[in-house]
Amino acid sequence: MVDALVDFGRIARLWVRASMAYPASFWMLTFGSFVMTGLDFAAILVIFGRVDAIGGFSLGEVAFLYAGTGLGIAFGDFVVGRVERLGSMIRLGRLDTMMTKPVPLLVQVLADEFALRRLARIAQAGAVFAWAATTVDWNLSRVAVTVGMVVCGSLIFCGLFVMLASIQFWTADSAEAANAFTYGGNALTQYPLTVYPSEVVKVLTFVVPIAFVNWYPALYVLGRSDPFGLPGWLQFVSPVAAAVVLAATALVWRTGVRHYRSTGS
Amino acid sequence: MSPGLYVAIATRSFRRYSTYTAATVAGIFTNSAFGIILSFIYIAVWKASPHAGGYDVADALTYTWLGQAMIMPVAIWNGGTTDEFAERVRTGDIAIDFYRPVPPLGWYLAADLGRATYHLLTRGVAPSIVGALLFDLRGPASLAAAVGFAVAVPLGVTVSFGLRMIVSTTTFWLLDDIGPRTLHACLAMFFCGLTVPLVLLPDGLREVALRLPWASFLQVPSDIWLGKREGWAILGGLGQSAVWIAVLLGVAALLVRGGQRKLVVQGG
């Protein structure tokens, strides 16, 4: 595990230095990705110019939800986001080259073309978090649950990115379908789940556990009872959800690698 | 230059894009998923404020699905043949394009319209059917609205082409257009009304946004479809798009010419 992290760090550092060869492009891209992720929050601000609450939640509370899921996907994207390009690595035969090298395959795939500019996404979500945090009535257990929310949310998004990208072992062309779950999951949880029908919320709790990225821990931190009448202990089981997602991810990734047969040419 | 030639370019471009079936199906799935998510959010917003921006909830839902349908045809966040143009400038292949008996701008516009037609018939129509099955959407408000919409969409694609082409020509000077492209994508996404319908923007900003070229991507066609623009207002919206097309293609043509002068092809 430590070796893998060291390898990841080494490969990532190479790519960071490479991207710094074009500083103007780097800064434009970083600024662009900061603004681009911020647009979703701009939408929330515009909407709150017209209404006082969405689904019974105020602007400060929605901002907290937004920041929770935003930090989760930002960290996930930062660390494992490159896995989306698996299909093109397969097509170009680069995956075959990686398999011959004495570094774990997943580490090579994730560190490939590692982009430091993705920090912009973390910075953007972090800025909203800092603002939303001023509206929360903090105590020690709320701080602990918030830390858990960000850590588990990041792990869940890491898992989803890798798991869904693994589909490309079977169909190298279908990368975009994964977006419905990763970026879709992010878009979904930017608003209180009270805007969705209760069946959807149950699916997001028990089938694709995206609700644990921010919704359940945030209910605890914001001091709200569950609007759907689901049990209160759900607010503390994000680590379990993260563990389940990561275990499923490991299984899917391994199956994919075993299934993989080179493009053949 | 005969129109037949441009039709031939467009048809071939249409066919070229139609080879990626798995990618198309995956994209339709994703557009539909986002459409559903946004629909529930907008239902909640219009429940809290039933006449926000002069829309009712059915208008807002229709707008949401029109938005998902327009993403790919209009190429709201870049893509399309202008990306190929930029890539060919980077590699130097663009020199071959300058040899052709067709002006590069016309060539790439025809190819982009062919691409847009394919995307409209697949990634435009399919998610709309999903949306219409799941939610209560409005059809075109009248015959004039239907005709106006049918004209507004190709105009929107052409405005988008003009903007994307201007961005791509920066490759002549920067060697890589990814920076300007990202910045343009941010502007386009917000000012086309995909982030949030332009009618919801605060006074002042809204009036400005409705006059900018990006309004032709989604807001103008949608308002025609929904009957928010009627009679002369339909022609006003279409005229605004036409003026932007003239301006943007003019600028793009100047930039292509400037780039052509600057171009140095290595080797041979």
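Lettering of chains follows the sequences in order, A, B, ..., and the numbering in each one begins at 1.
Under a 3.5 Å cut-off, the side chain of B/Thr182 and the backbone N or O of A/Leu29 do not form any donor-acceptor pair. A donor-acceptor distance shorter than 3.5 angstrom exists from the side chain of A/Arg50 to the backbone of B/Leu201, with no hydrogens or angles considered.
Residue contact with chain B, scored on non-hydrogen atoms closer than 4.5 Å, involves the backbone of A/Ala53 exclusively. Both the backbone and the side chain of A/Tyr183 come within contact range of chain B, each with at least one heavy atom under 4.5 Å from a heavy atom of that chain. In this structure, the portions of A/Leu188 lying under 4.5 Å from any heavy atom of chain B include both its backbone and its side chain.
Here the side chains of B/Val45 and A/Phe48 are not in contact, with every heavy-atom distance at 4.5 Å or above.
From A/Ser25, atom OG reaches atom CG of B/Asp176 across 4.5 Å, with rounding to the nearest 0.5 Å. Distance CD/A/Glu176 to CG/B/Asn31: 6.5 Å, rounded to 0.5 Å. Atom CZ in A/Phe26 sits 12.5 Å away from atom CD1 in B/Ile178 (nearest 0.5 Å).
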Q: Carefully, step by step, assess B/Phe40 and A/Tyr191 under the rule side-chain contact (heavy atoms from CB on, under 4.5 Å).
A: CA-CA 10 Å; B/Phe40 283 120; A/Tyr191 289 83; over 6 Å; no
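When the candidates B/Lys47, B/His184, B/Arg123 are compared by the number of heavy-atom contacts under 4.5 Å with chain A, B/Arg123 comes out ahead. Contact count against chain A (heavy-atom pairs under 4.5 Å) is highest for B/Gly27 among B/Ala22, B/Gly27, B/Ser39.
The only option from B/Ile43, B/Ile37, B/Ile36 that meets the side chain to side chain contact (heavy atoms under 4.5 Å, CB included) definition with A/Tyr196 turns out to be B/Ile37.
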